[in-house]
Amino acid sequence: MKKERRITEAPGIGRKAAEDLLSLGVSSLSDMLRFRPRAYDDRRTERRFRDASIDDPSVSCRITVMGHSEFSSKAGRTLKVTAMDDDGTRVEILCFNRYFLKQQLRTGSVWYIYGKAMRNRGVYQISSFEIKRTKEEAGIGRILPIYPLTGCLSEKMMRNAADYAISALSPIPDELPSEMYERLRLMHHSQAYSCIHFPSTMEEARNALSTLAFTELLLLELEVLRKKPQREITRKSELTGLERKLLASLPFQLTEDQVAASDEIRKDLDSPTPMNRLLQGDVGSGKTLVAWLTALHAIAQGRQVAFMAPTELLARQHADGAADLLSPLGIRIAFITGSVRGESRKLLLRSLKEGTTDLVIGTHALFSEDVVFRKLGYVIIDEQHRFGVQQREALRQKGERADILSMTATPIPRSLALTLFADYSVSVLRSMPKGRIPIRTYLVSEEKRENMYESVGVEFKRSHQAYFVYPRIDDEGESDLRDVTSMFEFLREKYPGVPSALIHSKLPDDEKMSILRSFKEKKLMYLVATSVVEVGIDIPAATCMIIEHAERFGLAALHQLRGRVGRSTLPSYCFLVYSKNLTDEAKARLRVMKETNDGFRIAEKDLEIRGPGEITGEKQAGFLHLHFASLTSDLDLVEKARTEADRIVKEDRGLLKAENAVLREALMKNNSYTSVQ
Ligand code: ADP
Ligand code: MG
C-alpha cells in the first residue's frame with residue numbers, strides 16, 4: 001500500500017497545527033481531502049451596507065476610508081473609522097482592540113470588507129469584520145468553506161491545507177465503477193473533492209456531498225452484505241398440523257404481514273443454517289402471534305422453544321397468553337423467572353433437561369447456568385432492544401445451532417435496519433390487524449385538564465378503561481412517586497365509585513400481575529401507573545391513555561405508551577398533558593405524536609433527534625466513521641446504496657471483476673468499514 005502523505009507537507013502547517021489537526025482526525029493529506037466543511041460562506045454577490053438586514057446582516061463590498069475618530073469603551077480607547085461604500089452609504093467601523101488598524105486604514109485608501117453589519121440610530125456600524133486589500137484576498141466573488149476549528153487553527157490555514165491537498169493528490173482517481181457515474185448522476189471524485197471544499201455554486205457543493213456520501217454508504221453496505229452468511233433457499237415450507245390447529249382456533253385472520261413474516265421464519269427454521277432474524281413491528285401489530293405460530297413449527301420438529309421477555313410482568317402475560325392458545329393443542333408450557341425457586345424450580349429444570357417441556361417462557365432467568373435443555377432449537381426474544389448482545393448469545397449457546405428470532409417494537413426504516421443490524425435478516429409487520437381505528441391524540445395544556453377528565457369520565461360510563469401515566473419513579477431527587485400517589489387520591493375523588501388501582505415498579509410482581517388481571521377482567525376501570533405499563537401490556541378494552549408531563553418522555557416511550565390503547569376495534573384516545581415552558585425539542589416531540597400514529601414515521605423523527613446508536617439500543621452505530629453521510633438524514637441515499645450493493649454482491653460477491661476493483665481496494669484500505677460489530 002502506498003504511504004500516506006503527511007499533512008505537515010502543506011504550507012503553513014507546522015507542528016502545533018498538525019497536533020490540532022490530529023485532534024480533528026486529520027493526519028494525512030488524504031484525510032484533509034475528506035475533511036468536511038461544516039458550512040459555507042457565500043460571498044459571491046457583493047452585498048453593500050444597504051443590503052444588510054436583521055435576518056442577513058452580512059456585507060461584503062468595497063469601501064473608501066473617510067476619516068478617524070476615537071471613543072472610550074469598556075475595551076479602552078477605541079478607534080472608529082468612518083468610510084463609504086460604492087452606494088455612498090456612510091459606515092462606522094468600530095475597531096475594538098484593533099487600534100493598530102489606524103496605520104493601515106489611511107484616509108482615502110480603498111479596501112474590501114466583509115462581516116456582519118448593524119444599524120445603530122440610523123447609522124450603519126460594523127465591529128465584526130475582516131478587511132483586505134484585494135477582492136481576491138477578501139474572497140469576494142467566491143464561496144468559502146468554513147471548517148470546524150480547534151487550538152491554533154484558523155480558517156485560512158484550513159483553506160490553504162485543503163487547497164494544497166487537492167492539488168498535491170491530483171489527479172484524484174475515481175472511487176466507483178465508471179458506469180455508475182453517469183447512470184446515477186454522480187460527480188467524478190476529482191471534481192467532488194474539489195467541489196466539497198471550493199464549490200462555485202451551492203448546488204455544486206450539494207452534489208459533491210451527495211456523491212461522497214453515496215460512495216461511503218455503498219462501501220458500508222457492501223461490507224455489511226458480504227458479511228452476511230449465504231443461506232440456501234428452501235423452496236417450500238409446509239404448515240404442520242399444530243400450526244393449522246392454532247390458526248383454526250383464532251377468532252380472526254392473520255394480517256398479510258403476519259403471514260409473510262411467519263413464512264419467512266418457517267423457511268429459516270427448515271433450513272440447516274441457523275436463523276438470526278429481527279421481527280420489527282409497530283406496537284399492536286401482532287408480533288406475539290407470529291412467535292407462537294412459528295414456535296409450533298419448531299415444536300412439531302421435535303425442538304424445544306425458549307421465549308424470553310424483559311420483565312417478569314411481560315413474561316407472565318405471555319405465559320398466560322400461551323396457556324390460553326397453546327395448551328389446548330397439547331403443548332407443554334413452563335414458566336421461569338428469578339422468583340421460581342426451591343422444589344418447583346428443580347422440577348422445572350428437570351423437565352427442560354429431559355425434554356418434557358416444549359415451550360419455556362421466562363425472563364433473563366432463562367440463561368442462568370443451571371438451566372439446561374435437552375434440545376433447545378428456537379429462541380424467541382421479545383423487546384430485543386432491552387437485552388444486551390451477550391445475554392442473547394448466552395441463551396443461544398444453550399442450544400445447538402439454535403434459531404433466534406428477536407422481536408422489536410422500535411421500528412426503523414428497513415434499509416437502516418438492514419445496515420445497523422448487519423448480521424440479521426429482517427421481517428417487518430407494517431399492517432395492523434383489521435378493524436383497528438387510529439388512536440386520536442390530543443395535546444392538553446394545564447388549563448384544558450378539566451375537559452380531559454370529563455371525556456375520560458364519559459368513557460368510564462361506556463365501560464371502557466383507562467391508564468393514567470406519570471413519569472418513571474426516580475429513586476433519588478424529587479420523588480415522582482408522591483405524584484402518582486397523590487394523583488391516585490385526586491382521581492378517586494374525581495371519579496367516585498369507579499374502581500382503580502395504583503401500579504408502579506416497586507410493587508411485588510405478584511401484586512402487579514394480579515392488578516393487571518383484575519384490570520383485564522374489568523374489576524378495575526383505570527390504572528394510575530408509572531411507565532411499568534410502557535412495554536407490551538395487552539389489555540384490549542382499554543381505550544384511554546393519559547400521559548402527564550408528556551414532555552418528559554422520549555418519542556419511543558410515548559409511542560409505546562400510546563400503543564397500550566387502540567388494541568381492539570373500539571375508538572381510542574391518547575391525552576398528552578404538558579407543562580409550560582417546553583423546550584423546542586419537547587414541542588417537536590409532542591407535535592410528532594399528534595401528527596402520526598405510524599411507528600416507522602415516529603422512529604424516523606426520533607432518528608433525526610437522537611441518532612441511530614441510541615435507537616437500536618446498542619451502540620452499534622458507533623463504529624461508523626462516516627465523514628459525509630448521515631444514517632439519520634440520508635435515508636434515501638442509504639436506500640440507493642443498498643440497492644446498488646445488493647446488485648453488485650449478487651453479480652460479483654468477491655468483487656473480482658475489473659470494474660469492481662476500485663471498490664475492493666477501497667474496502668481493503670478503509671478499515672473503518674471492517675470493524676462492524
Ligand atoms: P405487539 O406487536 O405490540 O407485541 P401483540 O402481539 O401484543 O402486539 O398483539 C396486539 C393485540 O392484537 C393482541 O391482543 C392480539 O391478540 C391481537 N391480534 C394479533 N394479531 C391479530 C390479527 N391478525 N387480527 C386481530 N387481532 C390480532
Ligand atoms: Mg409485544
Side-chain angles (χ1 to χ4, degrees), residues 243 246-263 265 277-296 307-326 328 361-363 380-387 405-412 426-439 465 467 516-517 519-522 531-543 545 556-570 572 574 597-600 602-603 617:
E243 291 158 273
L246 173 62
L247 290 174
S249 75
L250 294 174
F252 48 71
Q253 299 257 301
L254 294 190
T255 65
E256 252 173 58
D257 286 354
Q258 281 173 319
V259 171
S262 47
D263 279 348
I265 295 165
R277 184 172 284 279
L278 183 71
L279 176 60
Q280 283 197 69
D282 206 344
V283 280
S285 59
K287 294 181 287 294
T288 318
L289 191 56
V290 173
W292 297 147
L293 189 63
T294 52
L296 289 178
F307 184 108
M308 184 163 70
T311 65
E312 180 145 357
L313 201 59
L314 270 187
R316 277 178 198 261
Q317 176 184 277
H318 285 312
D320 281 358
D324 285 350
L325 282 177
L326 307 181
I361 296 163
T363 57
I380 303 168
I381 299 165
D382 195 21
E383 311 292 345
Q384 68 91 29
H385 55 283
R386 297 263 167 142
F387 294 96
L405 180 70
S406 303
M407 306 201 288
T408 176
T410 310
I412 54 178
V426 178
S427 297
V428 180
L429 302 184
R430 185 138 200 172
S431 52
M432 287 288 166
K434 268 217 188 81
R436 296 270 171 89
I437 302 170
I439 304 164
Q465 296 164 288
Y467 299 91
L516 282 180
R517 284 198 182 122
F519 193 50
K520 195 159 204 162
E521 290 160 10
K522 289 203 171 176
S531 50
V532 286
V533 299
E534 177 186 316
V535 168
I537 304 293
D538 183 36
I539 313 272
T543 60
M545 169 58 70
L558 287 173
H559 182 60
Q560 274 286 346
L561 281 168
R562 179 168 62 183
R564 295 315 107 214
V565 298
R567 302 188 140 245
S568 67
T569 49
L570 299 171
S572 301
C574 173
N597 275 310
D598 180 348
F600 285 82
I602 291 175

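Since we're looking at a predicted model, the values are computed, not measured. Remember, it's 1-based here, ligands and their atoms both numbered in the order they're listed.
- With respect to Asp538 and Lys520, no salt bridge is recorded, no charged nitrogen being found less than 4.0 Å from a carboxylate O.
- Among Val259, Asp538, Val283, Thr288, the residue whose heavy atom lies nearest to atom 14 (O) of ligand 1 is Asp538.
- For atom 12 (O) of ligand 1, the nearest protein heavy atom (residue, atom name, distance) is Arg436 NH2, 2.7 Å.
- Heavy atoms of Lys434 come nearer than 4.0 angstrom to ligand 1 in no pair at all.
- Atom 20 (N) of ligand 1 has its closest protein heavy atom at Gln258 NE2, 3.0 Å.
- Under the 4.0 Å criterion applied to side-chain N and carboxylate O atoms, Arg316 and Glu312 are assigned as salt-bridge partners.
- Distances shorter than 4.0 angstrom occur between a heavy atom of Gly284 and an atom of ligand 1.
- Protein heavy atom nearest atom 2 (O) of ligand 1, with residue, atom name and distance: Lys287 NZ, 2.7 Å.
- Looking only at distances, a side-chain donor or acceptor of Arg564 sits under 3.5 Å from a matching main-chain atom of Ile537.
- The shortest heavy-atom distance from Leu250 to ligand 1 is not under 4.0 Å.
- Close contacts of ligand 1 with Asp282, meaning ligand atoms under 4.0 Å from a residue heavy atom, involve 2 (O).
- When atom types are taken as modelled, the side chain of Arg562 and the backbone of Ala557 share no donor-acceptor pair closer than 3.5 angstrom.
- Near Leu254, with a cut-off below 4.0 Å to any heavy atom, the atoms of ligand 1 are 23 (N).
- Gln258 contributes a side-chain N or O that, together with a main-chain N or O of Gly286, makes up a donor-acceptor pair within less than 3.5 Å.
- Ligand 1 places these atoms under 4.0 Å from at least one heavy atom of Gln253: 22 (C), 23 (N), 24 (N).
- Remark: the backbone N or O of Ser431 is paired with a side-chain donor or acceptor of Asp257 at under 3.5 angstrom.
- Annotation: atom 10 (C) of ligand 1 to nearest protein heavy atom, Arg567 NH1, 3.1 Å.
- Distance from atom 18 (N) of ligand 1 to its nearest protein heavy atom, with residue and atom name: Phe252 CZ, 3.9 Å.
- Every atom of ligand 1 with a heavy atom of Thr255 under 4.0 Å away is listed here by number and element: 23 (N).
- The shell of residues lying under 4.0 angstrom from ligand 1, judged by heavy atoms, excludes Gly281.
- A donor-acceptor contact shorter than 3.5 Å is absent between the side chain of Gln280 and the backbone of Ser427.
- When only interatomic distances are considered, the shortest N/O to N/O separation between Gly286 and ligand 1 falls below 3.5 Å.
- Between Asp598 and Arg430 there is a salt bridge, with a side-chain nitrogen of the basic residue lying less than 4.0 Å from a carboxylate oxygen of the acidic one.
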